[in-house]
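To start, the structure under review is shown below, and the notes come after it.
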Amino acid sequence: MAKKMLVFCGSDDPHKAFPPFMLGCGAQALDMDLILFFTLTGLNIIKKGGAEKIELTGAPNTLPAFLKIAAENGARLIACSAAFPIVGVTEGEFIDGVEFGGVAEFVLLAEEADIVLTYC
């Protein structure tokens with residue numbers, strides 16, 4: 001059974017939005033399962049056209065490229081439905097492949113994960 005990495009992505013600030021993907025894709029390269037859980041302004045990363053607006057000079061890749069790599073390698077992308085009314089978004093605003101879950105989903109995933117990282 002593969003080890004699991006769960007990453008809590010709570011910000012669209014470039015210095016906080018890129019590390020989950022750099023570390024997550026690295027974990028995937030080591031045959032770990034990756035789950036990225038997005039909430040609050042972190043939801044902007046997985047909104048249609050959102051990743052293209054977030055740039056970090058010197059990063060090894062763009063955020064859209066990291067999203068593609070992570071997805072191609074089987075990452076689960078979960079949008080926190082509990083945050084939707086707080087930030088004013090709906091399910092239809094997200095890129096293809098995004099799943100939806102609330103607080104309980106994150107807690108259950110954290111219980112099962114070997115590694116849990118938080119970027120807020």
Side-chain angles (χ1 to χ4, degrees):
M1 181 176 275
K3 289 190 175 192
K4 295 179 185 177
M5 177 186 277
L6 171 63
V7 185
F8 184 90
C9 308
S11 176
D12 61 358
D13 175 284
H15 291 100
K16 296 174 184 173
F18 276 79
F21 290 93
M22 290 187 272
L23 294 170
C25 290
Q28 287 179 306
L30 296 171
D31 293 323
M32 293 184 76
D33 291 335
L34 175 63
I35 305 162
L36 298 162
F37 188 90
F38 300 86
T39 193
L40 300 173
T41 62
L43 290 167
N44 290 328
I45 298 168
I46 54 172
K47 284 175 62 177
K48 294 173 185 169
E52 290 80 2
K53 298 176 186 174
I54 305 167
E55 298 178 358
L56 183 62
T57 303
N61 229 326
T62 65
L63 209 46
F66 273 129
L67 267 168
K68 183 179 178 186
I69 293 166
E72 286 175 350
N73 288 306
R76 290 180 64 195
L77 309 175
I78 303 174
C80 180
S81 56
F84 289 7
I86 298 168
V87 296
V89 297
T90 62
E91 287 185 10
E93 296 180 52
F94 296 98
I95 60 175
D96 290 340
V98 171
E99 302 172 37
F100 306 97
V103 174
E105 177 77 9
F106 178 81
V107 172
L108 292 172
L109 291 168
E111 281 184 322
E112 297 172 357
D114 298 289
I115 299 169
V116 179
L117 302 175
T118 302
Y119 290 92
C120 298

Are the side chain of K48 and the backbone of G92 linked by a donor-acceptor contact shorter than 3.5 Å?
yes
Indicate if L108 and L117 have the same hydrophobic cluster label, given that clusters are the connected sets of ILVMFWY residues with side-chain heavy-atom separations under 4.5 angstrom.
no
When you compare the side chain of E55 with that of T62, does any pair of heavy atoms fall below 4.5 Å?
no
Exercise: identify the closest heavy-atom pair between L63 and A51:
CB-O, 3.8 Å
Side chain proximity check, E99 to R76, heavy atoms < 4.5 angstrom
yes
Quick one: closest heavy-atom pair of G10 and T41, and the distance?
O-OG1, 3.5 Å
Can you tell if the side chain of K3 reaches within under 4.5 Å of the side chain of D33, non-hydrogen atoms only?
no
Going hydrophobic residue to hydrophobic residue with side-chain gaps under 4.5 angstrom, can you get from I54 over to V87?
yes
Between CG on residue D13 and SG on residue C120, distance to nearest 0.5 Å
11.5 Å
If you look at every heavy atom in P19 and P14, which pair is closest and at what distance?
CD-O, 4.2 Å
Between the CG atom in L67 and the CD1 atom in I95, the distance rounded to the nearest 0.5 Å is 5.0 Å
Which hydrophobic side chains are connected to F8, either touching it within the sub-4.5 Å cutoff or through other members that do?
L6, I35, F37, I78, F106, L109, V116
Distance check, rounded to the nearest 0.5 Å: L40 atom CG versus C9 atom SG?
12.0 Å
With sequence neighbours excluded, tell me which residues meet side chain to side chain donor-acceptor pair (under 3.5 Å) with T90.
E93
Might you point out which heavy atoms bring S11 and I45 nearest each other, and give the distance in Å?
O-CD1, 3.5 Å
Indicate yes or no for a side-chain donor-acceptor contact from D12 to the backbone of G42 under 3.5 Å, with no hydrogens or angles considered.
no
Rounded to the nearest 0.5 Å, what separation is found between the CE atom of M22 and the CD1 atom of I69?
12.0 Å
For L43 against C80, the heavy-atom pair lying closest together
CD2-N, 3.9 Å
Are F84 and F94, when compared by the centres of their aromatic rings, separated by less than 6.0 Å?
yes
Can you measure from CD (Q28) to CZ (F21) and round to the nearest 0.5 angstrom?
10.0 Å
Honestly curious: do I86 and V98 fall in one hydrophobic cluster under the side-chain, below-4.5 Å linking rule?
yes
So which atom in A83 and which in T39 form the shortest heavy-atom distance, rounded to 0.1 Å?
CB-OG1, 3.3 Å
Rounded distance [0.5 Å steps], CG in L30 versus CE in M5:
8.5 Å
Decide yes or no for V7 and L23: does some side-chain heavy atom of the first lie under 4.5 Å from some side-chain heavy atom of the second?
no
ILVMFWY cluster, I115 and F18 together (side-chain gap under 4.5 Å):
yes
Are the side chains of L36 and L34 in touch, meaning some heavy atoms are under 4.5 Å apart?
yes
